[in-house]
Undergrad: 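Mind looking over this structure? Questions follow.
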2 protein chains.
Amino acid sequence: MAERASESEMQVLSALWDESPQTAADLAETVGTANGWTLATVKTLLARLVQKGAVTAEAEGRRYRYRPAVDRADAVGDESQRFVDRLFGGRVSPLIAHLAEREALSDTDIAEIEALLRRLKS
Amino acid sequence: MAERASESEMQVLSALWDESPQTAADLAETVGTANGWTLATVKTLLARLVQKGAVTAEAEGRRYRYRPAVDRADAVGDESQRFVDRLFGGRVSPLIAHLAEREALSDTDIAEIEALLRRLKS
DNA sequence: GCCGATTGACTACATCTGTAGTCGTATTGC
DNA sequence: GCAATACGACTACAGATGTAGTCAATCGGC
């Protein structure tokens, strides 16, 4: 259970991590419109997430309320690991270096990361 | 051209970034065995990479020597951006936080990241 | 010069993914 | 009560992906 979610599915799952439960219509409005998906598409993604065991559907009257069934930290951690393995041979600093070069790091990001590192070293 | 490489394709491309040119047989021996792929599979991945314009094939006698045709920094940067967008809403520090929590950061990583940040701030 | 090994070209095929559409039913506004 | 609508179940379908196999040509060793 809890097979990997595809990229699109991950967007939906992400929205559920941010707020849950949500209905298909809710998600269509937020994630759907953000990605240019119709309600039908969002429903399909939800169905697949449920089938993969990444999301649970709880009946509320005639409709369902969806909730994440996997832990965000776990899922995100797994993905991150795969990602750094795949592109950086498991090394994290080259990733940071790339993000920095691409100016993908805001001042806030930098400050936050520094704070994190301080905590890590203590 | 230069469409996105799939995960498996990326492994091959990555090997070419590390060393090039290489033949299909070379790659099968390294990336192939590392992933449990046969020579045939590696050849397919190479063909797809060439078709996508991510790798060039230069004939050397009866065989080809493959070289990356896309810049590593560019490709990796794009992937990284997509990745942080997808899982962290574009914010980098949560990614670092997760990696840190998973103890995926070595002391060396931390030191390197700090050095990077110092450079960024100057 | 012949034979086995090598190599690219082409083909195969199940599954996953992205992106919906249809349909029957239940619900709700009037 | 009936019509419009909302909802889930099921179906559709092309393209991407993972994973290889076949085949014909060729090269290298004997």
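Protein chains get the first letters and strands the later ones, always in sequence-line order, with residue 1 at the start of each. Quick note: numbers below take in every heavy atom, side chains included, and nothing from hydrogens, waters or symmetry partners.
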Undergrad: Mind checking if A/Thr41 touches a base, just sugar-phosphate, or nothing, with heavy atoms under 4.0 Å?
TA: base
Undergrad: When the distance from CG of B/Leu39 to P of C/dA5 is rounded to whole Å, what number comes out?
TA: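 In whole Å, C/dA5 P and B/Leu39 CG are 15 Å from each other.
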Undergrad: Using whole Å, report how far CG of B/Asn35 lies from C1' of D/dT19.
TA: 12 Å
Undergrad: Name the nucleic acid region contacted by A/Gly32, choosing base, sugar-phosphate or nothing; use a 4.0 angstrom heavy-atom cut-off, strictly under.
TA: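 Nothing: the residue A/Gly32, judged by heavy atoms under 4.0 Å, touches no strand.
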Undergrad: Could you state the atom-to-atom distance from CD of A/Glu3 to P of D/dT17 in whole Å?
TA: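 Between P of D/dT17 and CD of A/Glu3: 19 Å.
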Undergrad: For the side chain of A/Trp37, counting heavy atoms from C-beta on, which of C/dA20, D/dT17, C/dA9 is nearest?
TA: C/dA20
Undergrad: Measure the CG-CG distance between B/Leu13 and B/Leu27 for me, rounded to the nearest 0.5 Å.
TA: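 Nearest 0.5 Å value for the CG-CG distance: 10.5 Å.
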Undergrad: Give me the residues of residues 7-26 of chain A where at least one heavy atom lies under 4.0 Å from an atom of DNA chain C, by number, or none.
TA: A/Glu7, A/Ser8
Undergrad: Can a salt bridge be assigned to the pair A/Asp26 and A/Arg65 using a cut-off of 4.0 Å between side-chain N and carboxylate O?
TA: no
Undergrad: Are the side chain of A/Trp17 and the backbone N or O of A/Val70 linked by a donor-acceptor pair below 3.5 Å?
TA: yes
Undergrad: On DNA chain C, check which nucleotide each of A/Ala5 and A/Gly36 is closest to and give me the residue with the more 5' one.
TA: A/Ala5
Undergrad: Where the side chain of A/Arg48 is defined as all heavy atoms beyond and including C-beta, which of D/dT17, C/dT17, D/dA20 is the nearest nucleotide?
TA: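 Per side-chain heavy atoms of A/Arg48, the pick is C/dT17.
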Undergrad: Does the C/dA20 base have a donor-acceptor partner in the side chain of A/Thr38 within less than 3.5 Å?
TA: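 Check fails, no donor-acceptor contact within cut-off.
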Undergrad: Are A/Ser80 and B/Phe83 close enough that some pair of their side-chain heavy atoms sits under 4.5 Å apart?
TA: yes
Undergrad: To the nearest angstrom, how far is A/Tyr64 atom OH from D/dC10 atom C1'?
TA: 13 Å
Undergrad: Between the side chains of B/Arg4 and B/Glu9, is the shortest nitrogen-to-carboxylate-oxygen separation below 4.0 Å, so that they form an ion pair?
TA: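 Between B/Arg4 and B/Glu9 there is no salt bridge, as every charged N stays at least 4.0 Å from the carboxylate O atoms.
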Undergrad: Give the rounded distance in Å between these two atoms: NZ of A/Lys43 and P of D/dC10.
TA: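 That distance rounds to 13 Å.
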Undergrad: Kindly indicate whether the side chain of B/Ser6 and the base of D/dA16 share any N or O donor-acceptor pair separated by less than 3.5 Å?
TA: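 No.
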Undergrad: Quick one: is D/dT17 close enough that its OP1 or OP2 comes under 4.0 Å of any side-chain N or O from B/Lys52?
TA: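 The answer is yes; a side-chain N or O of B/Lys52 sits under 4.0 Å from OP1 or OP2.
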Undergrad: Starting at atom CG of B/Leu49, determine the distance to atom P of C/dG8, rounded to an integer number of angstrom.
TA: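 The distance from CG of B/Leu49 to P of C/dG8 comes to 14 Å, rounded to the nearest Å.
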Undergrad: Counting any heavy atom closer than 4.0 Å, what does A/Arg63 reach on the DNA or RNA strands: base, sugar-phosphate only, or nothing?
TA: sugar-phosphate
Undergrad: Tell me: CZ of A/Arg65 to P of D/dG8, nearest whole Å?
TA: 13 Å
Undergrad: In the structure I gave you, are the side-chain heavy atoms of A/Arg118 and A/Glu114 within less than 4.5 Å of one another anywhere?
TA: yes
Undergrad: Looking at every heavy atom in both A/Val42 and A/Ala24, which two are closest together, and how far apart are they?
TA: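 Heavy atoms of A/Val42 and A/Ala24 come nearest at CG1-O, 4.0 Å.
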Undergrad: Quickly work out the A/Arg62 CZ to D/dG8 P distance and round it to whole Å.
TA: 7 Å
